[in-house]
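Have a look at the structure below, then the notes.
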Amino acid sequence: MKARIFVTLKGGVLDPQGKAIHHALEGLGFGGVNDVRAGKLIELELAEGTSDEDIDAMCRKLLANTVIENYRIEKVA
Amino acid sequence: MKSAVIVFPGSNCDRDLAVAFEAATGAKPAMIWHRETELPGDLDLIGVPGGFSYGDYLRSGAMAARSPVMQAVAKAAERGAYVLGICNGFQVLTESGLLPGALLRNAGGHFVCRDVALTVENAQSAFTSRYGAGEAISFPVAHHDGNYFADAQTLDRLEGEGRVALRYAESVNGSARNIAGILNEAGNVLGMMPHPERVIEAAHGSTDGRRLFDGLVEGLMARA
């Protein structure tokens with residue numbers, strides 16, 4: 001089984017990388033982009049039967065820093 | 001007076017920090033590789049050096065914070081050993097939970113590498129006893145992720161408890177309340193982005209950093 005972990009910066013946390021991407025999009029002439037936030041996608045190949053609790057613990061203990069980041073787990077069959 | 005410097009793959013200020021420790025203590029520190037699970041039991045002072053541990057993979061300091069040796073550093077801090085984390089070392093200490101908050105990408109997006117003006121906010125700590133309260137000093141910084149972040153409640157608490165040891169006296173990286181270095185609750189762990197170990201000899205252009213090491217060691221000797 002596979003799980004995709006989406007790690008994103010929390011709302012109030014400044015994202016200089018997102019700002020730089022936004023600026024570059026404008027430089028390419030794309031109007032109408034109001035904001036850009038960059039995050040991470042981490043794909044895990046897991047042994048069958050890995051529990052949701054374990055996946056959640058992986059996120060809390062390492063994959064995301066919950067002081068500044070949120071995470072979302074998407075299980076892929 | 002026994003000291004040690006932790007060495008991760010990608011540390012690059014470990015030897016500079018060892019020189020600073022040796023200058024202050026008169027003895028060479030033990031250099032401890034990140035895979036060690038135990039530290040010498042009688043360490044008084046542990047340095048977590050700057051650099052790019054594990055290539056800054058995932059987040060700066062994230063992998064190093066989960067390495068075996070950091071469990072041992074946390075235990076040593078718990079029993080009262082002094083821990084000094086500089087630059088990447090500060091990032092490792094926040095990632096490992098020994099200090100609150102996190103260090104984000106610099107607000108301007110740029111790597112900042114220059115001397116910066118600092119104010120000593122708390123001159124009572126073991127790390128800052130040789131400075132005057134409010135004293136203006138200058139240390140070099142060299143980092144991409146030095147933008148200190150914590151929620152407002154945590155920031156208020158740090159300020160209220162005198163745990164902001166050093167503050168930038170100029171705009172550097174977007175740090176919340178210009179915080180450059182913070183102490184843990186017990187006062188035996190300091191994390192800071194600027195590099196005192198790079199200004200300990202006249203040949204470095206300044207000796208502002210020497211007093212941090214001398215004051216710390218003097219205090220530790222008196223305690224022993």
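Values below: every heavy atom of this structure, side chains too, minus hydrogens, waters and symmetry copies. Proteins come first, then strands; the chains are lettered A, B, ... in the order of their sequence lines, and each starts at number 1.
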Task: Nearest non-hydrogen partners of A/Val67 and B/Phe149, listed with the distance - done: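 For A/Val67 and B/Phe149, the tightest heavy-atom pair comes out as O-CE2, 3.7 Å.
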- [ ] List the atom of A/Lys40, the atom of B/Arg59, and the distance in Å for their closest heavy-atom pair.
- [x]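 Heavy atoms only, the tightest pair is NZ-CG, 3.9 Å.
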Task: Side chain / backbone / both / neither for A/Glu69 at chain B, heavy atoms under 4.5 Å - done: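 Looking at A/Glu69, just its side chain touches chain B.
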Task: Structural part of A/Lys10 lying under 4.5 Å from a heavy atom of chain B - done: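 Contact with chain B: none, neither part.
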Counting only heavy atoms from other residues, nucleotides and ligands, does the tally under 6.0 Å from [atom1] of [X] exceed 12?
| X | atom1 | answer |
| --- | --- | --- |
| A/Glu26 | CD | yes |
| B/His110 | NE2 | no |
| B/Gln153 | CD | no |
| A/Glu74 | CD | yes |
| B/Glu159 | CD | yes |
| B/Gln124 | CD | no |
| B/Arg15 | CZ | no |

Task: Closest-packed option against chain A by number of heavy-atom pairs under 4.5 Å, given B/Gly97, B/Ala107, B/Gly109, B/Pro100 - done: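 Of the candidates given, the most pairs with chain A belong to B/Ala107.
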Region of [X] that comes under 4.5 Å of a non-hydrogen atom in chain A:
| X | answer |
| --- | --- |
| B/Arg105 | both |
| B/Asp151 | neither |
| B/Leu104 | side chain |

Task: Gap separating the CD atom of B/Glu95 from the CG atom of A/Leu62, nearest 0.5 angstrom - done: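 One finds 8.5 Å between CD of B/Glu95 and CG of A/Leu62.
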TODO: Go through A/Leu14, A/Asp15, A/Asn65 and name the one with the most non-hydrogen pairs under 4.5 angstrom from chain B.
DONE: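 Most heavy-atom pairs under 4.5 Å with chain B: A/Asn65.
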